[in-house]
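Worksheet for the structure shown next.
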Amino acid sequence: MSSEDLGTDKVPHSGPLSGPLNKRVPRKSARFNVPDSSSSKDDGYVEITLDVCDDSVAVHSLKAANGDDLEQDPELALLAKGLEKRTTLGSLMARNASAKIRQVSHELKRLTSFTKKPARFDRTKSAAAHALTGLKFISKTDGGHGWAAVEKRFDEITGSNNGYLPRSQFGECIGMESKEFAGLLFDALARRQNVHGDSIDKVRLKYFWDQISDQSFDARLQTFFDMVDKDADGRITEEEVKEIISRSASANKLSNIQKQAEEYAALIMEELDPDNLGYIMINNLEMLLLQAPNQSVRGESRILSQMISQNLKPTHDHNPLRRFYRGTKYFLVDNWQRVWVMALWIAVMCGLFTYKYIEYRRRKDVFDVMRHCVCFAKGAAETLKLNMALILLPVCRNTITWLRNKTKLGVVVPFDDNLNFHKVIAVGITIGVGIHGIAHLACDFPRLLLATPDQYEPMIKYFGKQPTSYWHSVRHVEGITGIVMVVLMAIAFTLATPWFRRGKMKNLPKPLKKLTGFNAFWYSHHLFVIVYTLLIVHGIKLFLTNKFCKKTTWMYLAIPVFLYLCERLTRLLRSSIKAVAILKVAVYPGKVLALHMSKPHGFRYKSGQYMFVNCAAVSPFEWHPFSITSAPGDDYLSVHIRTLGDWTGQLRTVFSEVCQQPTDGKSGLLRADCLQGTNNPKFPRVLIDGPYGAPAQDYKKYEIVLLIGLGIGATPMISIVKDIVNNIKAKEEQEGEEEEDNMNALENGNGAAINKTSLSNSKRRLENFKTRRAYFYWVTREQESFDWFEGIMNEVAEMDRNHVIELHNYCTSVYEEGDACSALIAMLQALNHAKNGVDVVSGTIVKSHFAKPDWRRVYKQIAVKHNNARVGVFYCGIPALIEELRQLASDFSRNTSTKFDFHKENF
């Protein structure tokens, strides 16, 4: 700009200028020079004609020095439109004309510099269209309706602040979750309006809201740029980039990125400032955003996707009978295995109860005295005998594993629900004990006491002399054993409930807190050794039955108790023989302990199975189940244990004492075979017992599998993805060897027989391993959790050359993709992965997703890709997600040609 027209003082950018033109003065023209080595002399100038008055400035026209009309340029047209906008701001906009002109000078110099940027990115591309929906500052910006809610919150917050909203509560007022980002947004918008305080009134808030709720990509991009550009000079320096990276990482709880903010800032500057100018411009950010990759569904897949969406729309049938029929049909199709088992169990219980009820109803001598009370008591007692026998079978893990692996019973028997059936039987026992105990104590014994001598006479052969007090009957062996059993079972059942077992009872007095946690559950369950002993004594000393052959309690219990004792003996012998040596210990952030152990000779397992671990240094009697994370083909065993209770906490402490901080600064890794030469650390003695069957081991039955792990629930899935890669690799090698053998056989003249044998072997292997495609979704809250399986994830991704497995990592602490709070993280992720091949969130070569997965979309994508296929869905994690995933599997199975079988880990 020529010095004779305007001053050259630097004025900070404060946003578009506007105001009423109260006193028109002659127009003034000025020429602004934008230095650029690549531009000609004439092209380096822009001529602007201004209407200047006492308290405002308006743009009259924009021209190049050579006479070309610049209003056809979209950037300058937007500039002119913003500068010509007329809004009254009262005394806040009042200033002298020379300051206005200097401010316009700075604004034009900053914005016209954009005309010298590279060619504009094509926003019609699919990836660009996807990116244009991003940079959302708040979840909902619906114009006037949104402002009404904001205004209401403003009035509530500022009731005690004289109508001024403080900066600290700006995020709460506009509905922005991150207070840190809300503060940055407040500062950026305040700089536009030259607001220097830490509070605003409703007029300013309305202006701020209009900027935030502007849905245009350019407006959102400019706002985001201004948040980073703290000195408002239109340029972002490396220091500003570092600060915004640090703040973004903090807002998204990404501590690793926060520690490396300086390194990542240098990466961004290197990529976006190749000329080493020391700053980047707004067009650089736009190019980075609009070139982000985007996946879309095309062609037939798009049509199929639309059809699936249409089929999944809920339909309401007004006929209640049809609704009931359809719901019942779907329920039976999804749960027929459970239904027939439960129906059989209930039928047997009803049959036993009815049988005993009728038997004692027909015993006139007994019924005349105790009436229906004795019928109820004896009927409930008969169901108790069977239930006390049945409850042991679901926890005979070796037997169930053998039946699952060696027989076809798994087709009709839901072995995966063994613990659920164990709990159902426990409920049946509780009901039976209640009926039996109440009938005897509250009805039978009082009737014996109040009976006349004539009425009681038939009872003498059963009870002896008529009692004179209530406690006469109670203090007999039958009464004492019954009461003690009830007390012990009440203790065991109570401590087995989720509130106590998982330590959810937070408000208990300190002495009672020892009754919570897995230890209390484990030890209290061993009270059943006493219970079963007393049960046998109680059955032998039975009232109203003198013949031994009629005392059937021991008959019910004999086989299940013998089987269970064999199970425990097998565990004892097997665990003492299978002593393991600790090869490596890793202590990770997130309170996770990884143990790598030697594999005992003959220890064969399947991916998805689990084993019990015992550490005498913590407790010589406790055994705890953990999923095996190594693959069957590995020469070692590994488990990953998260500290969730007292036993796991003590185990982590014991092993942490022998761990040392590694030289690379990562989590405490320790290898027993390479520490201090031949002086290996003295690890605590560890025993293992297993393996035991689990639902995930059946993944090989499916050609398509969907593996879902939440947090530490990824452990069985990690073993499966490694096993899939190993199996596919082995299959390719075997097929190559078979092809070579066939060629040699043909050359030798006896190819027919050898080829037939090879085909037979190949067919047998294909029957054992059917999986052709796998999708693994790992969802975790903390960035540090990705360290647990970093090496394994990289190994799987590198070995999977045929892209059989899709790996998806989700970090739920990060704001969803498209949110302004995670925009810079997304940019950084794209840059770092493109240059170094490493994801900045997970630290692996697998790119991470932000926030929680849209599970309906996950199911839909699989249904589109694998039409007419059967998909095995395997889940391990918190119970809260089970119902949603199971319901989605059911919905898609009913409404699409793709069938989803849902399985959850339960041990």
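- If you check the side chains of His640 and Thr629, you find a donor sitting under 3.5 Å from an acceptor.
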Starting from the C-alpha separation in whole Å, work towards a yes-or-no answer on side-chain hydrogen bond (donor to acceptor under 3.5 Å, both in side chains) for Trp340 and Asn335. CA-CA 9 Å; Trp340 84 260; Asn335 301 281; over 6 Å; no

Self-check item: Residue pair Ser619, Tyr523: steps toward the side-chain hydrogen bond (donor to acceptor under 3.5 Å, both in side chains) verdict
Solution: CA-CA 11 Å; Ser619 174; Tyr523 284 115; 3.2 Å; yes

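- Annotation: side chain of Leu593 is in contact with side chain of Leu595 (closest heavy-atom distance under 4.5 Å).
- Looking at Arg404 and Asp416, a side-chain N of the basic residue comes within less than 4.0 Å of a carboxylate O on the acidic one, giving a salt bridge.
- Taking the ring axis of Phe612 as reference, the NZ or CZ atom of Arg571 stays within 45° of it and closer than 6.0 Å to the ring centre.
- Looking only at side-chain heavy atoms (C-beta outward), Trp647 and Trp623 stay at 4.5 Å or farther from each other.
- With rounding to the nearest 0.5 Å, the separation of CZ in Phe528 from CG in Leu535 is 10.5 Å.
- By the 4.5 Å heavy-atom criterion applied to side chains, Asn809 and Thr844 are counted as neighbours.
- Other residues, nucleotides and ligands contribute more than 12 heavy atoms inside 6.0 Å of the CZ atom of Arg886.
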Exercise. Could you give me the CA-CA distance, side-chain angles and deciding distance for Phe521 and His526, then say whether ring pair (Phe, Tyr, Trp, His ring centres under 6.0 Å) is met?
Key: CA-CA 9 Å; Phe521 157 78; His526 283 74; 9.3 Å; no

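- A salt bridge is absent between Lys599 and Asp635; no separation between the charged side-chain nitrogens and carboxylate oxygens falls under 4.0 Å.
- Lys865 is listed as a side-chain neighbour of Glu806, based on a closest heavy-atom distance under 4.5 Å.
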_Assess the residue pair Glu703 and Thr771 against the criterion (side-chain hydrogen bond (donor to acceptor under 3.5 Å, both in side chains)); give the C-alpha distance rounded to whole Å, side-chain angles, the decisive distance to 0.1 Å, and a yes or no._
CA-CA 4 Å; Glu703 291 189 355; Thr771 306; over 6 Å; no

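- Counting heavy atoms of neighbouring residues, nucleotides and ligands inside a 6.0 Å radius, atom OH of Tyr636 exceeds 12 of them.
- With respect to Lys904 and Glu883, no salt bridge is recorded, no charged nitrogen being found less than 4.0 Å from a carboxylate O.
- Neither side chain, Gln697 nor Ser607, offers a donor N or O lying under 3.5 Å from an acceptor on the other.
- Looking only at atom types and distance, the side chain of Asp839 has a donor-acceptor partner in the side chain of Ser842 under 3.5 Å away.
- Residues Asn794 and Glu790 meet the side-chain proximity criterion, which asks for heavy atoms closer than 4.5 Å.
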- Query: Can you check side-chain contact (heavy atoms from CB on, under 4.5 Å) on Tyr692 and Ile628, steps first, answer last?
  - Reply: CA-CA 10 Å; Tyr692 291 102; Ile628 303 172; over 6 Å; no

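- Side-chain contact between Thr553 and Met388: absent, with no pair of heavy atoms (C-beta onward) separated by less than 4.5 Å.
- Residue Ala774 comes nearest to Ile724 through the heavy atom pair CB-CD1, 3.7 Å, listed as atom of the first residue, atom of the second, then distance.
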Exercise. What's the verdict on side-chain contact (heavy atoms from CB on, under 4.5 Å) for Leu569 and Leu565, showing C-alpha distance, side-chain angles and the deciding distance?
Worked result: CA-CA 6 Å; Leu569 182 61; Leu565 290 175; over 6 Å; no

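- Around the CG atom of Leu563, the shell of radius 6.0 Å holds more than 12 heavy atoms that belong to other residues, nucleotides or ligands.
- For the residue pair Ser719 / Tyr605, no side-chain donor-acceptor distance below 3.5 Å is found, with atom types taken as modelled.
- When side chains are defined from C-beta on, Arg773 does not count as touching Ile862, because their heavy atoms never get closer than 4.5 Å.
- Inspection of the Tyr699 and Asp723 side chains reveals an N or O donor paired with an N or O acceptor under 3.5 Å.
- The minimum heavy-atom distance linking Leu710 with Gly877 is given by the pair CB-CA, 4.0 Å.
- By the 6.0 Å contact criterion, NZ on Lys591 is open, its count of non-hydrogen atoms from other residues, nucleotides or ligands being 12 or less.
- In this structure, the side chain of Thr497 does not engage the main chain of Phe493 through any donor-acceptor pair within 3.5 Å.
- Note: Phe900 and His866 fail the aromatic proximity criterion, with ring centroids not under 6.0 Å apart.
- Without hydrogens or angle criteria, Glu622 side chain to Asn614 main chain gives no donor-acceptor distance under 3.5 Å.
- Side-chain contact check for Ile391 versus Phe421: every heavy-atom pair is 4.5 Å or farther apart.
- More than 12 heavy atoms of other residues, nucleotides or ligands shown are found within 6.0 angstrom of CH2 on Trp336.
- At distances below 3.5 Å, at least one donor-acceptor pair connects side-chain atoms of Asn405 with backbone N or O atoms of Thr401.
- Taking the charged nitrogens against the carboxylate oxygens, Arg642 and Glu782 do have a contact shorter than 4.0 Å, which makes a salt bridge.
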Fill in: Criterion side-chain contact (heavy atoms from CB on, under 4.5 Å) on Ile708 and Trp778, from CA distance to verdict
CA-CA 6 Å; Ile708 303 172; Trp778 183 19; over 6 Å; no

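- Ser598 contributes atom OG, which lies 7.5 Å from atom CD1 of Ile582 (distance to the nearest 0.5 angstrom).
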Discussion item. Working note: Leu392 + Tyr532, criterion side-chain contact (heavy atoms from CB on, under 4.5 Å); need CA distance, chi angles, decisive distance, verdict.
Written reply: CA-CA 11 Å; Leu392 295 174; Tyr532 276 94; 3.5 Å; yes

- [ ] Please test Trp522 against Phe621 for ring pair (Phe, Tyr, Trp, His ring centres under 6.0 Å), starting from the C-alpha separation and ending with a verdict.
- [x] CA-CA 10 Å; Trp522 194 87; Phe621 306 109; 7.4 Å; no

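- Distance check, rounded to the nearest 0.5 Å: CG of Leu419 to CD1 of Ile400 gives 8.0 Å.
- Taken to the nearest 0.5 Å, the CH2 atom of Trp788 stands 9.5 Å off from the OG1 atom of Thr715.
- When every heavy atom of Leu495 is checked against every heavy atom of Ala520, the shortest pair comes out as CD1-O, 3.9 Å.
- With values rounded to the nearest 0.5 angstrom, Lys847 atom NZ is found 12.5 Å from His808 atom NE2.
- Ring geometry for Tyr777 versus Tyr810: interplanar angle under 30°, hence parallel rather than tilted (30 to 60°).
- Note: Phe776 CZ to Leu707 CG = 7.0 Å, rounded to the nearest 0.5 Å.
- A side-chain donor-acceptor contact under 3.5 Å links Arg397 and Tyr610.
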